Enquirer: 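There's a structure below that I have some questions on.
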Amino acid sequence: MWFLLRLRPGRRSRKTPVRYSARGIREFALLGASLTGLGIMPAVYLAFHFPRLADYPVVPALSYLGIAADLACLWLFHRTHRDLGHNWSVSLDLRERHTLVTTGVYGLVRHPMYAGFWLMALAQVLLLPNWVAGPAGLVGFGILFFGRIGREEAMMMTAFGDEYRDYMRRTARVVPWVY
Ligand code: SAH
């Protein structure tokens, strides 16, 4: 569902040319870590039941919480793509006519899409009763998040100056009023 949700906004934003990009080998590695933890490891677990040795018994209450976290994640992805519009990129890019979005879910926190990924990773822990495949998403996305966030904010400060600095003063990164 996440992939389907992304198809249309992805096609739309790709029509807007990139005017500056901070992509490179480092970004490539960070995206690879996230894809491995959130995509490949759970897919391998579901397809081949590997690593079976790390299984633990299902706790139904945790599974229901996991479904709730995944639904919240999908809602956030829908909202963030609507609010970001043509400004969205899978990596660190600034597009032609890039505007700073500070309204909608971007009025609550500066990185609501990454908040969505944290929820997706949390849902993976709750839904996969396996000590390896479950936490893999938290590790993989954690590597992307902490490896990227400082550079993304520095890029936005260079592009938007005081407008972004004011926005930083008003908002938290991921959890409103907390972090
Ligand atoms: N970190 C944001 C966006 C992730 S998509 C979030 O978690 O919601 C990454 C791209 O979004 C970056 O290339 C950057 O150019 C752009 N971006 C990040 N914050 C933005 C904002 N407030 N307004 C417009 N573009 C933004």
Side-chain angles (χ1 to χ4, degrees), residues 1-13 27 29-47 54-85 87-93 100-153 155-156 167-168 170-179:
M1 283 179 77
W2 166 78
F3 183 75
L4 291 180
L5 257 179
R6 273 215 153 161
L7 278 181
R8 207 142 54 108
R11 230 178 292 138
R12 209 181 314 137
S13 70
E27 263 297 302
L30 294 177
L31 281 166
S34 185
L35 178 70
T36 305
L38 282 174
I40 296 172
M41 304 265 295
V44 165
Y45 178 69
L46 292 178
D55 273 354
Y56 59 82
V58 173
V59 181
L62 294 185
S63 308
Y64 289 122
L65 275 177
I67 292 170
D70 257 340
L71 290 176
C73 153
L74 288 175
W75 179 81
L76 258 180
F77 277 121
H78 168 68
R79 294 295 323 179
T80 48
H81 275 297
R82 261 193 35 184
D83 291 343
L84 265 190
N87 301 304
W88 177 71
S89 291
V90 73
S91 188
L92 293 185
D93 300 326
L100 179 64
V101 179
T102 60
T103 52
V105 274
Y106 285 83
L108 287 176
V109 285
R110 295 197 291 285
H111 303 286
M113 194 174 283
Y114 297 159
F117 277 111
W118 280 119
L119 278 172
M120 189 192 271
L122 179 68
Q124 186 174 321
V125 175
L126 295 168
L127 286 167
L128 299 186
N130 184 278
W131 294 112
V132 176
L138 281 179
V139 175
F141 181 67
I143 291 173
L144 172 77
F145 179 84
F146 291 108
R148 179 193 273 182
I149 200 75
R151 294 177 79 226
E152 179 167 334
E153 294 192 332
M155 181 183 85
M156 298 304 280
Y167 178 48
M168 286 178 91
R170 292 198 306 274
T171 50
R173 273 179 165 165
V174 176
V175 184
W177 307 290
V178 177
Y179 170 77

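For clarity, every value in this text was computed on a predicted model and none was experimentally measured. Along the sequence shown, residues are numbered consecutively beginning with 1. The figures here come from the full heavy-atom set of this structure, side chains too, leaving out hydrogens, waters and symmetry mates.
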Enquirer: Is the backbone of Ala133 close enough, under 3.5 Å, to the side chain of Gln124 for a donor and an acceptor to pair up by distance?
Expert: yes
Enquirer: What's the shortest heavy-atom distance between Ala54 and Val132, and which atoms?
Expert: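 Here Ala54 and Val132 meet closest at CB-CG2, 3.8 Å.
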Enquirer: Counting distance only, does the side-chain N/O of Thr80 pair as donor-acceptor with the main-chain N or O of Phe77 below 3.5 Å?
Expert: yes
Enquirer: For Phe3, does the CZ atom sit with more than 12 other heavy atoms under 6.0 Å from it, leaving out its own atoms?
Expert: no
Enquirer: Which of these, Leu84, Val105, Val101, sits in a side chain to side chain contact (heavy atoms under 4.5 Å, CB included) with Pro112?
Expert: Val105
Enquirer: Please check this pair: side chain of Arg110 against backbone of Thr171, looking for a donor-acceptor N/O pair closer than 3.5 Å.
Expert: yes
Enquirer: Do Leu128 and Leu46 have side-chain heavy atoms sitting under 4.5 Å apart?
Expert: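 They are in side-chain contact.
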Enquirer: Mind checking salt bridge (Lys or Arg N to Asp or Glu O under 4.0 Å) for Asp93 and listing every partner two or more places apart, or none if nothing turns up?
Expert: Arg23
Enquirer: How far apart are the C-alpha atoms of Glu153 and Arg173, what are their side-chain angles, what is the distance that settles it, and do they pass the side chain to side chain contact (heavy atoms under 4.5 Å, CB included) test?
Expert: CA-CA 10 Å; Glu153 294 192 332; Arg173 273 179 165 165; 3.0 Å; yes
Enquirer: Under the ring-ring contact (aromatic ring centres under 6.0 Å, His included) rule, collect the residues that match up with Trp131, sequence neighbours excluded.
Expert: Tyr56
Enquirer: Working to the nearest 0.5 Å, report the span between CG of Leu119 and CG of Leu71.
Expert: 10.5 Å
Enquirer: Just grab all the salt bridge (Lys or Arg N to Asp or Glu O under 4.0 Å) pairs involving residues 120-135, residues at least two apart or on different chains.
Expert: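 For residues 120-135: none.
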Enquirer: For Asp55, check side-chain hydrogen bond (donor to acceptor under 3.5 Å, both in side chains) against everything at least two apart and list the hits.
Expert: Tyr45, His49, Asn130
Enquirer: Please list every donor-acceptor pair under 3.5 Å in which a side-chain atom of residues 138-148 meets a protein atom from a residue at least two apart or in another chain.
Expert:
{"residue": "Arg148", "atom": "NE", "partner": "Glu27", "partner atom": "OE1", "Å": "3.3"}
{"residue": "Arg148", "atom": "NE", "partner": "Glu27", "partner atom": "OE2", "Å": "3.1"}
{"residue": "Arg148", "atom": "NH1", "partner": "Tyr114", "partner atom": "OH", "Å": "2.7"}
{"residue": "Arg148", "atom": "NH2", "partner": "Glu27", "partner atom": "OE1", "Å": "2.8"}
{"residue": "Arg148", "atom": "NH2", "partner": "Val90", "partner atom": "O", "Å": "2.9"}

Enquirer: Which pairs, with at least one residue in residues 67-78 and sequence neighbours excluded, count as a side chain to side chain donor-acceptor pair (under 3.5 Å)?
Expert: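 Residue pairs passing side chain to side chain donor-acceptor pair (under 3.5 Å), neighbours aside: none found.
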